[in-house]
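Data first, discussion second: the structure below is written as structure tokens.
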Amino acid sequence: MDLSDRTVLVVGGTSGIGRGLARRFAAAGGTVAVAGRNPSALEELAAEGFGTVVLDVTDDTSVAGARDAVLARYPQLDTVVTMSGVMVMEDLRDPAHFETTRTTVETNLLGTVRVLDAFTPHLVGRGAGTFVTVTSGIAFLPFPPMPGYAASKAAVHAYSEALRAQLEGTGVDVVELVPPAVASAGQEKVNPNALPLDDYLGEVMDLLAQEPTPREILVEGVLGHRFAERDGTYEALVAQRSRALSMLPSRQG
């Protein structure tokens, strides 16, 4: 991927990895717009020179309106990154967890699909472009305290594979970003081993710049997750990660 002349929309780019990616794309010479729900964060990004648009991935009307606004301002748009996501612990012994699961799936999976659907006609029509979907190492190696998150990200992985197959021959690529635990959005508070954000972004941009661009952007720190089944470490690692169930309120005391 030539990073020097891209017109990029980062959906969910108001914080964390998304915000960092927006800055990295801009630093590489791209034209970058950021979409999200946080007005104050969007104002900060606008002050940095980014195009901004309010977008709620759980709302069909919001997604359609944001798409129209983005394409009116950036008709040359060639790259769409779908970063929006929520990550919440759930206690599956408590039926009240279902609302958390519903919100997680609505945002992480259906929100991703809404954004992809909104921009697919544009990218296919121009005959070239890239979708960057975002999953997680947890999509391949579940973290038991966050079952809805793991399931939604595994679903985005499967959807990305299908989208890539269906878009073959159109000139539109599908690249899947697979982060490990990264020290952003509070991850560093619960995981002292989370990868520093700048280190992660540096690896990501190097991988994106490869020719050809890998279908999956796998930094060194996520390889153990991605290939746990292949390497025969899956069961042991899931058991190890299950110790974190002690963080659930019902397991304490």
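In this chain, numbering begins with 1 at the start of the sequence shown. Given the structure is predicted, the values throughout are model-derived calculations rather than measurements.
In this structure, R6 contributes its side chain and V8 its backbone to no donor-acceptor pair below 3.5 Å. A donor-acceptor pair under 3.5 Å is absent between the side-chain atoms of R37 and the main chain of T14, judged by distance alone. Using modelled atom types, no side-chain atom of D56 and backbone atom of S62 make a donor-acceptor pair closer than 3.5 Å. At distances below 3.5 Å, at least one donor-acceptor pair connects side-chain atoms of H122 with backbone N or O atoms of L77. Between the T213 side chain and the M1 main chain, a donor and an acceptor come within less than 3.5 Å of each other. Checking side-chain atoms of R241 against main-chain N and O of P142 turns up a donor-acceptor pair under 3.5 Å. Proximity of a side-chain donor or acceptor of T107 to a complementary backbone N or O of T104 within less than 3.5 Å is not detected. Remark: the backbone N or O of G148 is paired with a side-chain donor or acceptor of E90 at under 3.5 angstrom.
Across all non-hydrogen atoms, the minimal contact from P147 to P144 is CD-O, 3.3 Å. Nearest approach of V134 to K153, heavy atoms of both residues: O-NZ, 3.0 Å. The shortest non-hydrogen separation linking L218 to L223 is CB-CD2, 3.8 Å. For A183 against P196, the heavy-atom pair with the smallest separation is CB-CA, 4.2 Å. Taking each heavy atom of R126 and D78 in turn, the nearest pair found is NH1-CB, 3.2 Å. Between V53 and L42, the shortest heavy-atom distance links the atoms O-CD1, 3.8 Å.
There is a path of hydrophobic side-chain contacts, each under 4.5 Å, that joins V34 to M83. When hydrophobic clusters are built by joining Ile, Leu, Val, Met, Phe, Trp and Tyr residues whose side-chain heavy atoms come closer than 4.5 Å, directly or via intermediates, L208 is grouped together with V81. Residues L45 and V10 fall within the same hydrophobic cluster, defined by Ile, Leu, Val, Met, Phe, Trp and Tyr side chains chained together at heavy-atom separations under 4.5 Å. In this structure, Y200 is a member of the same hydrophobic cluster as L21, with clusters built from ILVMFWY side-chain heavy atoms closer than 4.5 Å. The hydrophobic clustering, which links ILVMFWY residues whose side-chain heavy atoms are closer than 4.5 Å, places L110 and M87 apart.
Note: T233 OG1 to F227 CZ = 11.5 Å, rounded to the nearest 0.5 Å. To the nearest 0.5 Å, atom CZ of residue R19 and atom CZ of residue F50 are 8.5 Å apart.
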Requested in this report: Could you walk me through whether N108 and V86 pass side chain to side chain contact (heavy atoms under 4.5 Å, CB included), step by step?
Outcome: CA-CA 7 Å; N108 296 0; V86 294; 3.7 Å; yes

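Applying the salt bridge (charged side-chain N to carboxylate O under 4.0 Å, His left out) test to R114 and every residue at least two apart in sequence or in another chain returns D60, E106.
By the 4.0 Å N-to-carboxylate-O rule, E161 lies too far from R215 to be salt-bridged with it. Between R164 and E216, no side-chain nitrogen of the basic residue sits less than 4.0 Å from a carboxylate oxygen of the acidic one, so the salt-bridge criterion is not met.
Between S246 and R251, the side chains place no donor N or O within less than 3.5 Å of an acceptor N or O (distance only, hydrogens not considered). Donor-acceptor pairing under 3.5 Å is recorded for the side chains of D91 and S250.
Under a cut-off of 6.0 angstrom, the local environment of CD in Q210 is crowded, with over 12 non-hydrogen atoms contributed by other residues, nucleotides or ligands. Annotation for D5: atom CG does not count as buried by contact number, only 12 or fewer foreign heavy atoms lying within 6.0 Å. Crowding of R93 atom CZ: a count of heavy atoms from other residues, nucleotides or ligands under 6.0 Å not exceeding 12.
With F140 as the aromatic partner, R226 meets the cation-pi criteria of under 6.0 angstrom to the ring centre and within 45 degrees of the ring axis.
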